[in-house]
There are 2 protein chains.
Amino acid sequence: MVGAGHAGCEAALASARMGRKTLLLTMNLDSIALMPCNPSMGGPAKGHLIKEIDALGGEVGRNTDRTFIQIRLLNTGKGPAVQALRAQCDKQAYRLAMKFALEAQPHLDLKQATITHFLYEQGQDGRPAIRGVVTSTGWQYEAKAVVLTTGTFLNGRLVVGEKTQPGGRAGEGPSLGVADSLRAFGLEVRRFKTGTPPRIDARTIDFSKTEPQPGSRVPLYFSWDETARADVQLPGGRPNPVYPVSDEDLHGWRPQLPCYLVRTNERTHEVIRSNLHRSPLFNGLIEGIGPRYCPSIEDKVVRFAEKASHQVFLEPEGWRTGEVYVQGMNTSLPEDVQLAMLRSIPALEHVEIVRFGYAVEYDYVPPYQLMPTLQTRAVAGLFLAGQINGTSGYEEAAAQGMMAGINAALYARGEPGFVLGRHEAYIGVLIDDLVTRPLSEPYRLHTSQAEYRLLLRADSADLRLSDYAYRFGLIDEQRYARVLRKREQIEQTLGRLSKLIFTSSRSVESAAREVGIAPLGQMTSARDLLRRPETHYTQVAELARRVYQHEESADAEPPLPALSPEVAQEVELQVKYEYYVQKQQQLVRQAQRLEGLLIPESLDYQSIPHLRTEARQKLARLRPRTVGQASRIEGVTPADIAILMVYVEKLRAAAKAVS
Amino acid sequence: MVGAGHAGCEAALASARMGRKTLLLTMNLDSIALMPCNPSMGGPAKGHLIKEIDALGGEVGRNTDRTFIQIRLLNTGKGPAVQALRAQCDKQAYRLAMKFALEAQPHLDLKQATITHFLYEQGQDGRPAIRGVVTSTGWQYEAKAVVLTTGTFLNGRLVVGEKTQPGGRAGEGPSLGVADSLRAFGLEVRRFKTGTPPRIDARTIDFSKTEPQPGSRVPLYFSWDETARADVQLPGGRPNPVYPVSDEDLHGWRPQLPCYLVRTNERTHEVIRSNLHRSPLFNGLIEGIGPRYCPSIEDKVVRFAEKASHQVFLEPEGWRTGEVYVQGMNTSLPEDVQLAMLRSIPALEHVEIVRFGYAVEYDYVPPYQLMPTLQTRAVAGLFLAGQINGTSGYEEAAAQGMMAGINAALYARGEPGFVLGRHEAYIGVLIDDLVTRPLSEPYRLHTSQAEYRLLLRADSADLRLSDYAYRFGLIDEQRYARVLRKREQIEQTLGRLSKLIFTSSRSVESAAREVGIAPLGQMTSARDLLRRPETHYTQVAELARRVYQHEESADAEPPLPALSPEVAQEVELQVKYEYYVQKQQQLVRQAQRLEGLLIPESLDYQSIPHLRTEARQKLARLRPRTVGQASRIEGVTPADIAILMVYVEKLRAAAKAVS
Ligand SMILES: Cc1cc2nc3c(=O)[nH]c(=O)nc-3n(C[C@H](O)[C@H](O)[C@H](O)COP(=O)(O)OP(=O)(O)OC[C@H]3O[C@@H](n4cnc5c(N)ncnc54)[C@H](O)[C@@H]3O)c2cc1C
Ligand SMILES: Cc1cc2nc3c(=O)[nH]c(=O)nc-3n(C[C@H](O)[C@H](O)[C@H](O)COP(=O)(O)OP(=O)(O)OC[C@H]3O[C@@H](n4cnc5c(N)ncnc54)[C@H](O)[C@@H]3O)c2cc1C
């Protein structure tokens, strides 16, 4: 594993937990799992990824639980599919806690080293096969599989205003040599950019002019592994006294720090507009393309010229530090402009910048060159994960790292790869998007990218993915048993809900009224009752108890079991969304038929009659593994897919006839 | 202040605490106060420095108290002058806690930036006068005084075996440009080197073959400021379970981790000898000279060829990390040799190296070019402190930083500089050595360098230096009042001890026997009794109580007061060493006379008759400020000093006659 960012850490842990002797090499052991941008984890889609990684036995959720200084549930007003956890972490504590987790992992070795090129040999299938890596001091490490997770470091270049210097992140040098080695393997390498806002000194903020955003009042955690939440790893003592914090935040279920909301105004935008010619994004100094969903403030001011104000969140970077992240003010404008634009905001009139914002431009490897296992097509045994694949975001990186780690371990064992379907996990959506859709900008996952959002609720990740995790040895017996129990409980409860019938008798209606259920009106099963949007499981269970359980048998089992809030919610959602889910599952089955139709690796698209030229070219370039994948390639029409399907099925039949 | 290493942190804090608006600029905010070598603070001379810095209101002692994982008193068997505290810190916690201290300091701003050159103007005295600094992005900061504390970064070059690359420390880039700017000011710049041993994975140590070195069983702290010890800032939870640790260490007055002793053997030395031709120290790749007192293992094996074994201490780098520092194995041999030599030690047969050892070669500014205030002679307002002055060691750097910070603040206020005498503090010895003695290797402080060791006991630093600290505003009223009380208590007790006389009556002799005092034999003052080497204050006080305090007045004040252990020890030492101390003080007075004899800045040594040529040259080059300083220059004889003294006094008399 090369690189101990968010991708590399999950990759290394997964491989080692699968029992493979694993070596993690990284440029600087003091920047393991560093969060170069905001100190937060989760949010829509990203929070889902964390839950899925956690269900697969990964570390990001646990590590967030160990080190967060605030947690909230977002989108509580919206449907269950898009509700998501978001936590603010102590950046330094996060980094250290992840390092401790790596150091404690059996089969995993950790070493500080910079990789410059690869060892390889000619493989049996004609492709080069990876044999290991070589460090900048010439030391060689041999390996059956190599996972490259070098983030923004390949030929990284930092830009502030008119100045540019080589670097992977502020204060860290770039990684030279690796990109050339990849090119020598025939891989295409292109350039993207990303940026980060300034960090400011908390003492120079007028907090009375901000709106505090408190943390959750009820306990929330990312991980199903409860040991992590008991192992809080924040620096000792009180939080930095500069931050105004309510007693509720400070002395609640877990001490938390708020974030603080402010807004840009016309003056801010004026400062930016009048300095656009000095922005490296607009004057041509930066050529790489940046993420649309994490635009710089100068981008926002230009693109949404009509907006008079943008939200800006001031987020403490840790429990004791006075460094504050200015979310929403991502910029690579010159330093004097950064200061002027911040000072145009009333709460920040006297602000001092501690670290200036900057952009980084770096090489990435367009991921159409990968198989869905994240192995490169060009080099056997070479896997890529994280920002090197053109994605952006910690969680996207961690998710790929997890999958690349599992697949590298399977590859080294000579076992078939592990690919998650789009209906199984956001991880599946993410990777399928990467390997089939051309990237025109850094890729970021959104819930809208998933076709089967109701199947992919964050809370059901354990139900969806624990079988895999257990099979690979990524979660232990005990944890798996808990999932099986949960699943059984859900099944049993669903069964009982169907069988339990309420009449519309006066006594039943009166009991219903008492527990807050609207009149039944007719004979109704408990399941149908629960299907009502406003009815909750606890109410139905209580009604059942009142109707069917008699005084004298008070200690007998109730007709509907008492469930933990988590399981009750799962049952409720499964019932309420039954028909949607069934429909989605039907779509999944159809899609899976296409997915099951494997395209021979060597297929010559020139030989398929009637295929449109555009489709022919795209298919030849991206080489989808299945007809399903082919169907999601931009510019390939349903008609093209029909032609392809017929052709592939004909080939199959012919092959069968021969054998 | 440029650079937030150990020197820069103290400099910035001192200046800000003196009420000056202070800006601390450093390359990377994530490596503030990093300990690039071993994670320990203190030891002989170095521990004294920490106590002195603490007495002056500095941070290093407090910060050590916040973050140590082990503390011990060294040299308990030797005299009180050389006893010294040594603590093992959690390296990451130390760095973070220091950053928090900086962030909390009023008048102090902290910013991430790399300085490349200076702003200056022509001063009234003909020298250039500093006006500020310029960062790598061209941003300018103006300042009346600049303190440069850039450590090993100026044109730094890292070397492992046959490989070399630019860098200030492993994982960090070098600082380019600054050395050239210094040369342009006419400053001489030379080259030194230093090195660090490999760090190893605790899981690969066979601890059963090591000797654990437990921490102190009684509470020990560096700082007189007790708030720090109450603010322990280690990562939460248990220590890394890999380390064998006794219940006494773990559940004592403060949880501690032991260090572990192993030894090199003939095989180790053989591995090293047979690879010497690959050592950059011996094959000419490194030209800079390294510290004699912190030699590399290859140096040791060559220089002490007769020794069959060297001690090696395995020191955990923190409370939870598995990284272990291999003290005594400082090396820049190639990586394969590092591994082979470690594995030749039985406890390390299967060891894995996490970070390889390396050497760093860097530019320093020979400190004869400084005034005793650490201001450069060449540039008004430019101060240098720390490793840039050719010293080695965190404590030496911090001590210089403290003094440079105070002096920069005084300079900016237009006040005269602050210089500590050799009889007042080890800090005085250190700086006087630097500005008067030519360096042939990195300078490190040893207790043997002090003429007046008994005056400079670590425990008396508060008595010696608090007046200064209070006058400069570096300690508060309350803390100063404590020192005054302590001083008064000591004076009073000494007075009473002189006045209290014991006869040799039977009842007195019997009481003496009971409290463990050998027969008095004749009429004796309490003071003379306490002078006996084996007698302690508590015994004398108890004897006094028994002899002079009668039952009925049990609650009256005792004839000798009950003292805290610290004060009792001070009283005891002052009495026991009275005559030595008096003699030392007499020497100090003599020396001070020489020290008081100022040499005119413009003195033309050519015009002094009878001076030997060597002395003439050295004096002209080093330009001592006083005859005292001149007397300590190597190669200047007492005869030369006599000539100089007469000449200077004649000049003085002449000047007086004129005015
Ligand atoms: C300035 C900046 C701004 C960003 N802004 C955003 C944002 O606004 N929104 C967002 O979602 N994401 C943002 N990101 C991206 C996000 O940080 C990354 O997506 C995520 O950290 C990528 O994780 P990774 O594991 O792929 O790589 P990284 O976290 O970058 O880790 C790469 C690791 O590889 C190591 N490495 C590199 N080269 C070598 C080598 N040759 N040998 C050994 N080790 C090597 C590095 O030391 C590092 O540890 C930003 C990143 C940066 C740098
Ligand atoms: C590899 C290594 C081994 C060592 N081994 C030993 C040993 O065995 N024994 C021993 O006693 N001592 C050893 N030391 C030395 C000890 O670490 C130093 O003496 C001490 O840290 C020096 O403190 P300092 O404050 O002078 O500089 P440093 O701690 O080096 O700090 C310098 C600071 O300046 C910053 N900086 C540099 N250039 C610029 C710039 N242009 N602009 C802004 N900021 C800048 C850097 O980022 C850094 O924060 C070793 C050091 C190294 C690197």
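Only this structure's heavy atoms are used, side chains among them; waters, hydrogens and symmetry mates stay out. Quick caveat: nothing in here was measured; it's all calculated off a predicted structure.
- A salt bridge links A:E352 with A:R343: at least one charged nitrogen is closer than 4.0 Å to a carboxylate oxygen.
- Between chain A and the residues B:D336, B:V232, B:T321, the most heavy-atom pairs under 4.5 angstrom are made by B:T321.
- Residue A:Q165 touches chain B through its side chain alone, counting heavy-atom pairs closer than 4.5 Å.
- In this structure, chain B has heavy atoms under 4.5 Å from both the backbone and the side chain of A:V354.
- Neither the backbone nor the side chain of A:P334 comes within contact range of chain B; no heavy atoms are under 4.5 Å apart.
- Only the backbone of B:A104 comes within contact range of chain A, judged by heavy atoms closer than 4.5 Å.
- Heavy-atom distances place both the backbone and the side chain of A:S136 under 4.5 Å from chain B.
- For the pair A:R254 and A:Y221, the NZ or CZ position fails the cation-pi test of under 6.0 Å to the six-membered ring centre and within 45 degrees of the ring normal.
- Looking at A:L339, only its side chain comes within 4.5 Å of chain B, counting heavy atoms on both sides.
- Side chain of B:T204 to main chain of B:D201: a donor-acceptor pair is present (N/O by atom type, distance under 3.5 Å, no hydrogens or angles).
- A:K163 touches chain B through its side chain: at least one heavy atom from C-beta onward sits under 4.5 Å away, while N, CA, C and O do not.
- Between A:E323 and B:K99, at least one side-chain nitrogen of the basic residue sits less than 4.0 Å from a carboxylate oxygen of the acidic one, meeting the salt-bridge criterion.
- Looking only at distances, a side-chain donor or acceptor of A:D65 sits under 3.5 Å from a matching main-chain atom of A:S223.
- The candidate with the highest count of non-hydrogen atom pairs below 4.5 Å against chain A, out of B:V160, B:D109, B:L25, is B:D109.
- At distances below 3.5 Å, not a single donor-acceptor pair connects side-chain atoms of B:T331 with backbone N or O atoms of B:M329.
- Panel note: side chain B:T152, backbone B:G168; a donor-acceptor pair is recorded below 3.5 Å.
- One finds the OG1 atom of A:T67 at 12.0 Å from the CZ atom of A:R95 (value rounded to the nearest 0.5 Å).
- Interface remark: A:A113 contributes no atoms to any contact with chain B (heavy atom separation under 4.5 Å).
- Per-residue counts of heavy-atom pairs under 4.5 Å with chain A were compared for B:K111, B:M27, B:Q92, B:R320; the largest is that of B:R320.
- Both the backbone and the side chain of A:L29 come within less than 4.5 Å of a heavy atom of chain B.
- Between B:D30 and A:R355 there is a salt bridge, since a side-chain N of the basic residue sits under 4.0 Å from a carboxylate O of the acidic one.
- Only the backbone of B:P106 comes within contact range of chain A, with at least one heavy atom under 4.5 Å from a heavy atom of that chain.
- Within the 3.5 Å criterion, the main-chain N or O of B:L119 finds no donor-acceptor partner in the side chain of B:Q140.
- Salt bridge present: A:R66 and A:E59 bring a charged side-chain N and a carboxylate O closer than 4.0 Å.
- When each of A:N28, A:V242, A:T137 is scored by its heavy-atom pairs under 4.5 Å with chain B, the top score falls to A:T137.
- Proximity to chain B (any heavy atom under 4.5 Å) is shown, for A:R199, by neither the backbone nor the side chain.
- Among the candidates B:T114, B:L96, B:L234, the residue making the largest number of heavy-atom pairs closer than 4.5 Å to chain A is B:L96.
- For chain B, the nearby part of A:R203 is the side chain; its heavy atoms alone come within less than 4.5 Å.
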